[in-house]
There are 2 protein chains.
Amino acid sequence: MDGMSPANQVEPTADPEAVPPLPDAFAARLPLLLSRAGSDLAAFAEPRFAELGITPKDYVALAVLADDEPGSQLELAEACGRAPAMMVSVIDQLAHKGLVARERDPKDRRRSVVRLTPDGTQVLAAADREAERVSAAMLVALSPDEQTQLHDLMHRALRAVAPAPHDGD
Amino acid sequence: MDGMSPANQVEPTADPEAVPPLPDAFAARLPLLLSRAGSDLAAFAEPRFAELGITPKDYVALAVLADDEPGSQLELAEACGRAPAMMVSVIDQLAHKGLVARERDPKDRRRSVVRLTPDGTQVLAAADREAERVSAAMLVALSPDEQTQLHDLMHRALRAVAPAPHDGD
DNA sequence: TATTGTTATACTCTATAACTATA
DNA sequence: TATAGTTATAGAGTATAACAATA
């Protein structure tokens, strides 16, 4: 839900049989499995978030604001993994909906400090619940222990993420 | 590597310290972890694939052709998770590079059957090796057993993937 | 002169809907 | 009339580079 890429035309409320089976090519390749998991989550979550008035992109921004307290829009953009210019319209819209507030830093009037409003905190909580439901539906084949295991493995893997060595380096 | 979304401007050969740390907001949310894993994999793999003359999208198509033997372009498109119209240019370019061959089905001349050429098989093998290296670099914090575990969990989860229940349904 | 945020532009990707050729 | 593939068009998303304000 980071890249929150273009949803692969899936109808989330449609009958489950409409979901095409996982091709062998994906089953055999962990990178493809992880990639598809990301797209599917985004596709399934999108309509839920829409009911809350936010996009998957907004969800990421709200979550980062809540948990990482970025000191500027640039820090926020970097944490969200996107270009600073992208953040402008995201913040604009969230501010227009009253979910965040933008204030100039008195110490350095170039910086604008963004913070969650009480409404923003509430919407984030609701979005977290929806994300949780979508995730639970995707992981329904796994036991609770296995879901925890998966979360732990992913957490440890991404904490240490680094570009793969290229040829001789 | 399915959605293979727009690479989040990462310089894969740059020094590892350049990779921003994982925000707490991601660490706490499995859906965000999975989403970011997908984007990161695509971003890191892209330049490697480029050296082989293919895109991440091409990689998916080649893998599906090898493992799932789709009987038509429509089946190929569905397995790749994209619109049929998208497949046309992908196949065009792969065919132009000699990696696949497109032949009309004599039984039903509307269908075009796509198959890997020997060159295509070789490029797929090389791409698989690169994907493996990128994946291994991302999972460097996990033991071999844990990496196998992760693959198994993801496989079982996605095999059963279904849209999340919506409110009352 | 460097940096933060903003604006403007161009480009890529994708979906959608006509169109053709076969059936 | 329906289906496989193709083409064309329009829209969304993004990156890039200029720009303004502040340091």
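So you know, we letter chains A, B, ... as the sequences are listed, proteins then strands, and number each from 1. Keep in mind that the numbers below use all heavy atoms, side chains included, and drop hydrogens, waters and symmetry copies.
- Look at CE on A:M86: it is 12 Å from P on C:dT7, rounded to the nearest Å.
- When distances run from any side-chain atom of A:R111 to the nucleotides D:dT6, C:dT4, D:dA15, the shortest one goes to C:dT4.
- A donor-acceptor pair shorter than 3.5 Å cannot be found between the side chains of A:T148 and A:D145.
- If you measure from atom CZ of B:R104 to atom C1' of C:dT20, you get 10 Å, rounded to the nearest angstrom.
- Considering only the side chain of A:R109, D:dA23 comes nearest among D:dT6, C:dT14, D:dA23.
- B:R82 has its CZ atom 17 Å from the P atom of D:dG5, to the nearest Å.
- As a whole-Å value, the separation of A:L74 CG from D:dA23 C1' is 14 Å.
- Judged purely by distance below 3.5 Å, without hydrogens or angles, the side chains of B:D92 and B:S89 never pair a donor atom with an acceptor atom.
- For B:R102 and C:dA21, the CZ to P distance is 16 Å, given to the nearest whole Å.
- Salt-bridge formation is detected for the pair B:E130/B:R133: a Lys NZ or Arg NE/NH1/NH2 atom is positioned less than 4.0 Å from an Asp or Glu carboxylate oxygen.
- Residue side chain B:R110 reaches the base of D:dT3 through a donor-acceptor N/O pair under 3.5 Å, judged by distance alone.
- With A:L116 as the partner, the side-chain contact (heavy atoms from CB on, under 4.5 Å) test is satisfied by one option alone out of A:L65, A:L99, A:L94, A:V123: A:L65.
- One interatomic measurement links the two molecules: CD of A:Q73 to C1' of C:dG5, which rounds to 6 Å at whole-angstrom precision.
- Taking atom CD1 on B:I91 and atom P on D:dA4, their separation rounds to 16 Å, with Å as the unit.
- More than 12 heavy atoms of other residues, nucleotides or ligands lie within 6.0 Å of CZ in B:R102, so this atom counts as buried by the packing criterion.
- Going from atom CD of B:E103 over to atom C1' of D:dA4 covers 17 Å, rounded to whole Å.
- For A:D92 and A:D108, each mapped to the nucleotide of DNA chain C holding its nearest heavy atom, the one lying further toward the 5' end belongs to A:D108.
- Toward the 5′ end of DNA chain D lies the nearest nucleotide of A:A85, the other residue of the pair A:K107 and A:A85 mapping further downstream.
- In this structure, of C:dT4, D:dT6, D:dT16, it is D:dT16 that holds the atom nearest to the side chain of A:A83.
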